[in-house]
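Shown next, in structure tokens, is the structure this report addresses.
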Number of protein chains: 2
Amino acid sequence: MNVLTGGKLKLVQAGLRLITETRSLTSLGLRELAREAGLNPNTFYRHFKNLDEFGLQVLGYIAADMKSGVRELRQMAESSEQASHDTVTYVYHYFLANPAATTVAVRELHGPSPLLRKALEAQLNASAREMAEDIIERQLVNAVPPETIHEISRMTIRYILFRAMDYIEKPEQREAIQRETERFINRQFRGAMLDNLSQGDIETLMKESS
Amino acid sequence: MNVLTGGKLKLVQAGLRLITETRSLTSLGLRELAREAGLNPNTFYRHFKNLDEFGLQVLGYIAADMKSGVRELRQMAESSEQASHDTVTYVYHYFLANPAATTVAVRELHGPSPLLRKALEAQLNASAREMAEDIIERQLVNAVPPETIHEISRMTIRYILFRAMDYIEKPEQREAIQRETERFINRQFRGAMLDNLSQGDIETLMKESS
DNA sequence: TCCTTGTGTATACATGTGTATACCGTCAAT
DNA sequence: ATTGACGGTATACACATGTATACACAAGGA
């Protein structure tokens with residue numbers, strides 16, 4: 001049984017709630033958690049060996065959740081422009097719907113715990129790989145070699161996560177952030193098409209097209 | 001007198017030392033700090049009102065230091081490729097030489113304290129503005145409108161900071177990270193040159209050049 | 001000379017923390 | 001019907017934390 005019930009669920013939810021407010025996963029206290037969950041402090045031990053295990057488990061659930069979310073992303077899209085727009089829209093909406101999970105991910109990705117950092121990085125790389133393979137399979141940008149697509153995917157995933165906090169916290173900037181992210185992606189891929197051209201080549205190319 | 005002396009200096013240094021190890025600025029304790037500094041816990045109060053003020057001051061010193069470092073960046077560079085290479089080299093070396101300051105910046109940029117976050121963001125935006133104005137003044141990429149240069153600068157600054165932790169912690173990846181970052185910047189600017197072209201335009205352009 | 005100011009120390013207190021031990025109800029299996 | 005695991009509780013302990021008050025001592029100006 002992998003699903004959360006009862007006290008364990010309450011504790012995890014309490015953790016996510018606290019994190020969204022002001023805290024970070026690694027700074028949560030056992031008593032604090034129990035208090036927020038409305039349980040006796042010692043109940044914590046019924047479900048987790050210590051706080052590290054708690055953190056890892058929370059991360060695990062978040063990862064599973066995100067993964068199932070991203071999987072739904074495999075949709076139709078005619079062009080790469082279209083794809084980037086759709087993807088960005090979807091991902092940001094996901095972040096907005098799961099602010100706690102997003103905050104955890106952003107905070108702990110550079111947080112003080114090497115354990116959590118490693119786990120999160122693996123998770124991000126997996127997402128990036130999926131994204132890249134999707135792009136390659138659907139031949140959205142076949143002018144760019146696969147390895148470059150993977151690299152850009154990794155960058156993009158991180159950039160989006162980076163902007164996610166602002167997206168969540170500053171509603172009036174959401175549209176701007178989303179468009180900015182789309183520009184980011186498009187410039188990366190378009191720029192990558194010119195990777196093997198020298199700067200001189202590009203300058204003459206630009207003059208020709210004007 | 002803006003320079004740090006005696007106990008105050010010791011406390012700030014202790015803070016930076018602790019942060020580089022495992023901690024984050026906002027999670028530092030007053031007693032912990034004093035212990036690391038070899039001082040009596042209450043000496044802390046002689047210099048700082050509370051831990052928030054301590055954090056802000058530390059950030060202030062870091063910001064001042066970084067600013068003076070970045071200012072030295074205004075150097076000669078023939079082309080934008082050359083400039084991006086030089087800049088990236090310099091910035092990463094700076095990070096390497098100031099791991100504590102870098103770690104603080106990365107951690108707190110998305111950390112739990114809104115106060116520190118705001119302060120850091122302002123600092124980053126200032127750096128990005130400087131970078132953009134430098135690029136514009138020296139006409140390194142005059143095919144791209146100023147507003148776009150500013151946008152790319154903001155993205156770049158954040159991306160570099162993002163990668164800084166890996167750069168510091170994984171020596172064997174440093175070269176790779178640096179080259180990756182250069183590609184990032186070049187693709188952004190090259191991609192931006194094509195901003196006002198449709199996807200069809202680009203495809204024909206690519207075919208012509210082959 | 002005295003007095004103030006700056007810096008560091010010592011002691012003390014209330015509060016919060018992680019953890020250990022022991023107790024209790026529910027419920028399913030034997 | 002008894003047993004044992006599971007989830008939850010109560011009490012207690014040792015320790016760390018932020019903070020308040022009071023003391024010490026050096027340097028400098030009046």
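First the proteins, then the strands, lettered A, B, ... as listed; each starts at 1. A quick note: this is a predicted structure, and the numbers were derived from the prediction, not measured.
Scanning for side-chain contact (heavy atoms from CB on, under 4.5 Å) contacts around B:Pro99 gives B:Thr20, B:Ile168, with sequence neighbours left out. Not counting sequence neighbours, the partners of A:Leu51 by the side-chain contact (heavy atoms from CB on, under 4.5 Å) test are A:Leu30, A:Leu33, A:Phe44. Annotation: side-chain contact (heavy atoms from CB on, under 4.5 Å) contacts of B:Glu53 (sequence neighbours excluded): B:Phe48, B:Lys49, B:Asn50, B:Gln57. Every side-chain contact (heavy atoms from CB on, under 4.5 Å) that A:Thr148 has, sequence neighbours left out, goes to A:Val144, A:Pro145, A:Ile152, A:Ala192, A:Asp195, B:Arg187.
A:Tyr45 places its OH atom 17 Å from the P atom of D:dA10, with the value rounded to the nearest Å. In this structure, the CD atom of B:Glu32 is 16 Å from the P atom of C:dT17, given to the nearest Å. Rounding to whole angstrom units, CG of residue B:Leu18 and P of D:dT17 are separated by 11 Å. In this structure, the NZ atom of A:Lys10 is 11 Å from the C1' atom of D:dG7, given to the nearest Å. Distance, A:Lys8 NZ to D:dG8 C1': 15 Å, rounded to whole Å. Distance, B:Asn50 CG to D:dT19 P: 7 Å, rounded to whole Å. Atoms CZ (A:Phe48) and P (C:dG18) sit 14 Å apart, rounded to a whole Å. For the pair A:Leu9 CG and D:dC6 P, the interatomic distance rounds to 19 Å; values are reported in whole Å.
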Polar atom pairs between nucleotides 9-11 of chain C and protein, under 3.5 Å, N or O only, would you list them?
residue: C:dT9; atom: OP2; partner: B:Asn40; partner atom: N; Å: 2.8
residue: C:dT9; atom: OP2; partner: B:Thr43; partner atom: OG1; Å: 3.2
residue: C:dA10; atom: N6; partner: B:Asn42; partner atom: ND2; Å: 2.5
residue: C:dT11; atom: O4; partner: B:Asn42; partner atom: ND2; Å: 3.3

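Side chain of A:Leu51, nearest nucleotide from D:dG18, C:dT17, C:dG18: C:dG18.
Note that the two end axes of the helix from C:dT1-D:dA30 to C:dT30-D:dA1 enclose an angle of 10°, each drawn from 5 base pairs, rounded to 10 degrees.
Within the structure, every pair that satisfies the ring-ring contact (aromatic ring centres under 6.0 Å, His included) test and touches residues 107-152 of chain B, not counting sequence neighbours, is listed here: A:Phe162-B:His110. Listed by first and then second residue, the salt bridge (charged side-chain N to carboxylate O under 4.0 Å, His left out) pairs involving residues 103-123 of chain A are A:Arg117-B:Glu169, A:Glu121-B:Lys170 (not counting sequence neighbours).
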Let me check something: any side-chain donor-acceptor pairs from residues 34-41 of chain A under 3.5 Å, sequence neighbours excluded? List them with distances.
residue: A:Glu36; atom: OE2; partner: A:Arg17; partner atom: NH1; Å: 2.6
residue: A:Asn40; atom: OD1; partner: A:Asn42; partner atom: N; Å: 2.9

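Between A:His47 and D:dC6 there is no side-chain N or O to OP1 or OP2 distance below 4.0 Å.
Looking at A:Glu133 and A:Arg129, no side-chain N of the basic residue comes within less than 4.0 Å of a carboxylate O on the acidic one, giving no salt bridge.
Side-chain N/O atoms of B:Thr102 and B:Tyr94 include no donor and acceptor closer than 3.5 Å.
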